Amino acid sequence: MQDYLKGLNEPQREAVTHINGPLMIVAGAGSGKTKVLTTRIAHLLASGVDAFNILALTFTNKAAAEMKERIEKILGNSEARNLYIGTFHSVFARILRGEAHRIGYPNSFTIYDTDDSRSVIKTVVNELNLDDKHYKPNVVGSRISSAKNALIGPAEYATTHYIQQEDMRANRPAIAQIYAAYASRCFKNGAMDFDDLLLKMYELLNTFPEVLHKYQHKFKYIMIDEYQDTNTVQYQITKLLAAVHENICVVGDDAQSIYSFRGATIENILQFQKDYDDVKVVKLEQNYRSSQNIISVANEVIRNNKGQIPKNLWTENEHGEKIKLVRTMTDNDEGRFVADTIQEQKLRNHYHNSDFAILYRTNAQSRAFEESLRRMGIAYRIYGGTSFYQRKEVKDVLAYLRVIANTRDEEALKRIINYPVRGIGKTTIEKCVIIANEQNMTMFDVLQQAGTAGFKGSTLESLQNFVTMIRYFQSLLAEKNAYDVAVQVGKHTNIIKELFNDKTTEGLARYENVQELLNSIKEWTESPGNEDGEVGDKSLGAYLQQITLLTDADENKEDSDVVKLMTIHAAKGLEFGCVFVGGVEESIFPSGMSINTREELEEERRLFYVAVTRAKQRLWLSYANSRYRFGQLVQNDPSRFIEEMPDQYIDRSYAGGGARNHAGSEWGSGIERMQRGFGNTAASAEKRYGPPPAKKPSVQKRPEYMPPPPQSKVVTHQPSADFVASDTSQLQAGQRVEHQKFGFGKIASIEGSAHNPVATIQFEHNGEKKIMLNYAKLRIVE
DNA sequence: ACCTCTTACGTTTTT
DNA sequence: CGTAAGAGGT
């Protein structure tokens, strides 16, 4: 038997060794799904399948990168490089780069991110003389997006009865019109939004039999990860691709389907067996990740959902600790509790920062955690905030590159035509847009013929100079790589000099961000393969396309030891030793937006299931009595999901049991006393640590905080095995105590008020420290 | 044309 | 509460 088959359990081996014909792997949380996927690919290769004939689709670049890495490890050679592994979006973008001309797009088409897309919608709404207060870009955009994901084009949208009824009911009858205008504008701009990458791929396969044939025979073996999260377009595409060989292997867990808002339909996995004859089904039910208590709770909660694929997740792991339920007074207390507990766990159980994750339902919840961690001096990183590439100054430079690669990109063109200021004012730009629309030309075409278009004098000169400049940049493309062109842009346009001369803090940060962008382009240019493992394509177009599909969660910068903060969505597929789930409250989790139908609620429950099953050893669920929302203090009940967890697995000692408010308030006030004592307010924290990263972005690509090195080196102390915090209310000078971190010491004096006593302690190895007795955990030795 | 102040609005979740 | 877009002033 081949080496790689060792260490697989029976169902895993069954899945790995099934080569031909449709296969569905129902993989429970933590059941070794990635292991099976990667081993299966290795097995395919060992069985003589050519790497070039294998396609593996994932939802995140991170998952793709991990798979590739693990396959390389198993194979021990560079054959993995020839595999087509990537996200739906990046793989299709790559294919479309070669085929786009067939459907009227330039091969260096632009990819619009959500911001670009919203901006186009806004333009279109205004051009149609509709009220943009009523037709809000976000609302319209998500309608259009759902339509695209369901393979409904503008024409069908306008004629489909129930859709029109919905729009009429919402008093937005013109969405169909906007959709049509938006689609044709994107086309005119030579741009595809995220949904188009799927939609156009489908159109391509559906319209051109020779293209379909080509990829059907190229991808003889197809694997799809997270199949429960596929939407209609993705489903149809993979069905088309797999139609000839039917060597399609889908992996998923219906209990972890959490992307219906993006058009994912759980039906795809539930119905898979009906799509093909002779579907082999393998269930992976043994969990290798979590403790028994965690698995039991997860199973019990998810049981409240109807209509699942029956399965029984089990584990041989130990029972582990009970799940700790935590109630605090406010959201800030919640943050403090978490930061404090992390500190404590690090000391008590020898965890590292990287063993902890703080998960939440909405991004906005990160703030309270962030502040507390910062105060405690705990290094952390937030995943999924505003990405580096969305910063204005970065987008400006990228806009130049976009225009150079694709002059049809009107969004980018409007962004840079008068940046830096070159005397092309608002009126001129509007005139250009109008002419372009009337003559059905691109805006850049208008600029090229500015003279015939009726522009005169200095305006004409400015326009002509602009065109000449862009042309110059384009001419560089022939011999220079993306980095050299970008540098030329920075120099020639004076952008770099301008930012450099801005000596304000923000100006400095902007300058550094642009430098950072240039560095990243350079890095990309010099790296051997891009994210698809594709060798060679180092063109500007390729760079721009992959940049747009990059999320900040993708950079695998695992080197630094930090606590990770992210939404539960972002945490899917990951695992952590210790997990805190914050805001387990009604109207947050489940979200107030998702409690109107059974389907919505069940998805929230699946999300809860995902959150719980991220934890390997320890899990805390916290909820606050009241928290700030829209600047107002609101009160939420504990989440209904808490009631669904059987008592036997739960430790409620932090939730206050009967006297809940009492316990909560004591916690809160104790912490507050501590802060007053240290003068440790947000303001003083800023003095010590600098302003929070959210406010002052520097060169960092995403929020990341490393605490300053300690002023005096602390001699680390291993707490005694029997360490128990003593009652310190009667503590007197001269007594000997043990501190968790500073070790043994002698009380020199006790000061402070009665409710806020401060002890000055002479430690044996760490010198003199002032310790807040209300807070610190001290063991009285004698 | 640019900067500052005010107001309005928003919180699901992401490629 | 915090940000983003509009208004109004210089």
Side-chain angles (χ1 to χ4, degrees), chain A residues 57-64 86-93 111-115 117-119 122 132-133 136-139 141-142 145 148-149 192-199 226 229-231 233-234 257-264 331-332 359-368 371 383-387 389-390 392 418-427 504 531 545-554 566-573 583 587-596 600 603-604 606-608 610-611 627-634 682 692 694-695:
Chain A
L57 295 169
T58 65
F59 274 80
T60 63
N61 293 314
K62 193 174 184 180
T87 65
F88 280 91
H89 290 84
S90 72
V91 166
F92 295 166
I111 297 175
Y112 280 167
D113 66 16
T114 311
D115 287 343
S117 150
R118 295 298 181 263
S119 156
K122 210 173 163 187
D132 62 357
K133 284 280 182 305
K136 291 181 197 144
N138 273 326
V139 175
S142 70
S145 175
K148 285 184 174 179
N149 285 321
M192 298 191 198
D193 63 19
F194 288 143
D195 303 319
D196 285 333
L197 293 175
L198 309 176
L199 192 62
E226 310 280 13
D229 286 327
T230 51
N231 60 33
V233 207
Q234 290 164 329
S257 164
I258 54 173
Y259 280 102
S260 74
F261 69 93
R262 210 167 72 190
D331 44 354
N332 289 325
L359 309 181
Y360 33 77
R361 179 67 236 273
T362 66
N363 281 306
Q365 288 167 255
S366 68
R367 176 163 276 110
E371 278 173 16
Y383 289 80
T386 314
S387 129
Y389 298 101
Q390 285 169 1
K392 187 192 170 294
N418 199 32
Y419 171 80
V421 191
R422 54 173 69 86
I424 303 177
K426 217 176 170 185
T427 10
T504 61
E531 34 93 28
Q545 285 175 2
Q546 68 99 36
I547 229 60
T548 318
L549 296 173
L550 215 63
T551 18
D552 55 354
D554 292 327
M566 64 186 91
T567 64
I568 298 160
H569 281 87
K572 194 166 74 152
S587 88
I588 291 181
F589 197 9
S591 158
M593 317 290 287
S594 309
I595 47 174
N596 300 313
E600 285 173 347
E603 177 147 324
E604 293 289 309
R606 290 192 293 268
L607 194 55
F608 187 78
V610 169
R627 68 172 65 233
Y628 279 97
R629 227 185 163 189
F630 314 114
Q632 227 148 26
L633 203 62
V634 293
K695 275 187 179 170

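Only a predicted model underlies this, so the values are computations on that prediction, with no experimental measurement involved. Reminder, nothing fancy here: chain letters follow the sequence lines and each chain counts from 1.
The A/Thr60 side chain lies nearest to B/dT15 when the options are B/dT15, B/dA1, C/dG2. For A/Ser594, the side-chain atoms get nearest to B/dT12 when compared with the rest of B/dT12, B/dT11, B/dT15. When each of B/dT12, B/dT11, C/dT3 is scored by its nearest atom to the side-chain atoms of A/Arg629, the top-ranked nucleotide is B/dT11. Taking only side-chain atoms of A/Arg262, from C-beta outward, the nucleotide of B/dG10, B/dT14, B/dT12 with the closest atom is B/dT14. Nearest to the side-chain atoms of A/Arg361 among the listed nucleotides B/dG10, B/dT12, B/dT15 stands B/dT12. Comparing B/dT11, B/dT12, C/dG2 against the side chain of A/Glu604 picks out B/dT12 as the nearest. Picking from B/dT12, C/dG6, B/dT11 the nucleotide with the shortest atom distance to the side chain of A/Lys122 gives C/dG6.
A/Ser142 contributes a side-chain N or O that, together with a main-chain N or O of A/Val139, makes up a donor-acceptor pair within less than 3.5 Å. Distance alone, capped at 3.5 Å, is enough to place a donor-acceptor pair between the A/His569 side chain and the A/Ile258 backbone. Side chain of A/Glu604 to backbone of A/Ser594: no donor-acceptor contact under 3.5 angstrom is found. Panel note: side chain A/Asn231, backbone A/Gln234; a donor-acceptor pair is recorded below 3.5 Å.
Computed from coordinates, the A/Gln632 CD to B/dG10 P distance equals 16 Å when rounded to whole Å. The nearest whole Å value for the distance from the NE2 atom in A/His89 to the P atom in B/dT15 is 9 Å. A/Tyr389 places its OH atom 18 Å from the C1' atom of B/dT14, with the value rounded to the nearest Å. Across the protein-nucleic acid pair, A/Phe630 atom CZ and C/dA4 atom P stand 17 Å apart, rounded to whole Å. Atom-to-atom, CG of A/Asp331 to P of C/dC1 comes out at 12 Å; the value is rounded to the nearest Å. As rounded to whole Å, 14 Å separates atom P of B/dC9 from atom CG of A/Asn138. Separating the NZ atom of A/Lys133 from the P atom of B/dG10 is a distance of 11 Å, rounded to the nearest angstrom. Atom pair A/Leu197:CG and B/dT14:P shows a separation of 19 Å (rounding to whole Å applied).
A/Phe261 CZ: more than 12 foreign heavy atoms inside a 6.0 Å radius.
Between B/dT13 and A/Asn363, a contact under 4.0 Å exists linking OP1 or OP2 to a side-chain N or O. Note on A/Thr567: a side-chain N or O is less than 4.0 Å away from OP1 or OP2 of B/dT14.
Look at the C1' atom in both B/dT12 and C/dA5: the space between them is 23 Å, to the nearest Å. Nucleotides C/dG6 and B/dT11 have their C1' atoms positioned 23 Å apart, rounded to a whole Å.
Judged by ring centres under 5.5 Å apart and planes tilted less than 30 degrees, A/Phe261 stacks against the six-membered base ring of B/dT13.
Along DNA chain B, the nucleotide nearest to A/Lys136 and the one nearest to A/Phe88 differ in position, and the one closer to the 5' end is contacted by A/Lys136. For the pair A/Gly425 and A/Ile258, nearest-nucleotide mapping onto DNA chain B gives the more 5' position to A/Gly425.
Taking the six-membered ring where tryptophan is involved, the planes of A/His89 and A/Phe194 are perpendicular, since the angle between them exceeds 60° and thus also 30°.
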